[in-house]
Amino acid sequence: MDSYWKALEASDPDITDLIVSEAKREASTIRLIPSENYVSEAVLAATGSLLTNKYSEGYSGRRYYEGQQFIDPVEDLAVRRAKDLFGAEHANVQPYSGSPCNLAVYLAFLDPGDTVMGMALPSGGHLTHGWSVSATGRWFRAVQYGVRKDNHLIDYDEMRDLALKEKPKLIWAGGTAIPRQIDFAIFAEVAKEVGAIFAADIAHIAGLVAGGAHPSPVPVADVVTTTTHKTLRGPRGAMVMCRTEHAKAINFAVFPGLQGGPHNHTTAAIAVALKEAAQPDFADYAHQIVANAKALAAALLERGFDLVSGGTDNHLILIDLTNKGVFGKPAAKALDRAGIELNYNTVPFDPRKPFDPSGIRLGTPSVTTRGMKEPEMVKIAEWMDKIISAPEDDDMSKKVSGEISELCRSFPAPGTINA
Ligand SMILES: *Cc1c(COP(=O)(O)O)cnc(C)c1O
């Protein structure tokens, strides 16, 4: 790999400088964006490999291009490891990312104009589950369920009533801002009752599921989609798993329905990440993510923060900042200046707009990869409290950012460069 780096340095110092700067930034800040992580150097190596050179439209043993002697076994390994890790009957590792992966599910089972049911974006759902601005909301008839106003949990009764009334052909569970466990069995029952396909999107929680720190939808769902780069800690990519009966439809939807050649360097890196996720220490990692999130949530609650649903069961925390007198965006920007990175986010029933919402979203996958534990979570809550209490205080920001880089030096992150 070193030779690749030297070549890059020689041919493009501008890009090299930017990558090095990002490697230093990722080393010296507390990264709390719940969809991000630090992949291993092994995953980085596979991602940066010359498998990017090869075209291989089709599937193992049935390709449209010659020279697949080593690509077929790479994809076979990735598929086998995905099936073993999640206990799935069938897996397709070719989707380019989570959004096209979900589109493939629509293509496999729906015609334009058919009804799809998913969680509304402001309640924590994903754009691709039928939100209006997404292709999935424009080309299909989308109906959306939400969370209850009193406890911010999924309103399973509302979801069932909506399904009985609207008769969707496809029902999604999962999302991007859900701090609590999802009861996949209820969704499966409702889908069965109305004759819908039940698709669980575990993009955020796949690593927790793999490590046994969150119940798996695989036994009850018709289809399970996931990204590979969030808690699963692999390269940017996605997979779709399903029962054997749907394997043909899913494969045909991914290729030739939606995509051309698979990204073989990514497939190799997915295989590496899946092998890592099958090791016993990955289960420890998954459980520590949740323990850290619970510790961080408790420390934030002690400091008067208003957590959506009152806490967390997984890797993710959503905070409504209304009672702190700060909006989500200025809070996120102030925290970023101090070395804590998260994102502003709408909260359920948010009276404000998505580009300037009331809340912030954070999570523990990245800090847990660095080896941080409960005591560090308390420190993070203290720093967040100081910055959010005085978002314009430059001296405080400098003080906190100094303390953060010091802590970060004790918890090196894979692939990064300590400044
Ligand atoms: C992140 C995410 C996606 C989309 O993944 P991309 O790789 O960003 O396209 C889909 N569904 C859910 C629930 C997600 O969290």
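By convention here, the first residue in the shown sequence is residue 1. Counting starts at 1 for both ligands and their atoms, following the listed order.
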Distance to 0.1 Å, residue and atom name: give those for the protein heavy atom nearest to [atom].
{"atom": "atom 1 (C) of ligand 1", "result": "K230 NZ, 1.4 Å"}
{"atom": "atom 7 (O) of ligand 1", "result": "S97 OG, 2.4 Å"}
{"atom": "atom 3 (C) of ligand 1", "result": "H126 NE2, 3.2 Å"}

Inset, instruction - Applying side-chain contact (heavy atoms from CB on, under 4.5 Å), name anything that partners L153, two or more places apart in sequence or on another chain. - result: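 If we apply the side-chain contact (heavy atoms from CB on, under 4.5 Å) test to L153, skipping adjacent residues, the hits are N151, R180, S309.
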Can you sort out which atoms of ligand 1 are near [X], meaning under 4.0 Å from one of its heavy atoms?
{"X": "D201", "value": "10 (C), 11 (N), 12 (C), 13 (C)"}
{"X": "H204", "value": "15 (O)"}
{"X": "G98", "value": "4 (C), 5 (O), 6 (P), 7 (O), 9 (O)"}
{"X": "H229", "value": "7 (O)"}

Does ligand 1 come near enough to [X] that some N or O of the ligand is less than 3.5 Å from an N or O of the residue?
{"X": "T176", "value": "no"}
{"X": "T227", "value": "no"}
{"X": "S99", "value": "yes"}

Measure from the side-chain N and O atoms of [X] to the backbone N and O of [Y], and report whether any donor-acceptor pair falls under 3.5 Å.
{"X": "D161", "Y": "E158", "value": "no"}
{"X": "T231", "Y": "G207", "value": "yes"}
{"X": "D201", "Y": "W172", "value": "no"}
{"X": "S35", "Y": "K230", "value": "no"}

Legend entry - Any side-chain donor near an acceptor of the partner, Y285 and T368, under 3.5 Å: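 No - no donor-acceptor pair under 3.5 Å links their side chains.
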Legend entry - Donor + acceptor pair across side chains of D72, Y59 (<3.5 Å):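 Checked: D72/Y59 side chains show no N/O donor-acceptor pair below 3.5 Å.
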Legend entry - Test item, G174 contacting ligand 1 (heavy atom, 4.0 angstrom):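 The answer is no: ligand 1 sits nowhere under 4.0 Å from a heavy atom of G174.
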Inset, instruction - For the pair R25 and E341, find out whether any cationic side-chain nitrogen is under 4.0 Å from an anionic carboxylate oxygen. - result: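 A salt bridge links R25 with E341.
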Legend entry - R236 and ligand 1 - part of the residue with a heavy-atom distance under 4.0 Å: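 Looking at R236 and ligand 1, no heavy atom falls under 4.0 Å.
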Inset, instruction - Report the part of A203 (side chain from C-beta onward, or backbone N, CA, C, O) that has a heavy atom under 4.0 Å from ligand 1; answer both or neither where that applies. - result: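 A203 to ligand 1: side-chain contact only, backbone stays beyond 4.0 Å.
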Legend entry - Within-4.5 Å side-chain heavy-atom neighbours: H265 and N53: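 Side chain of H265 against side chain of N53, heavy atoms only: no contact under 4.5 Å found.
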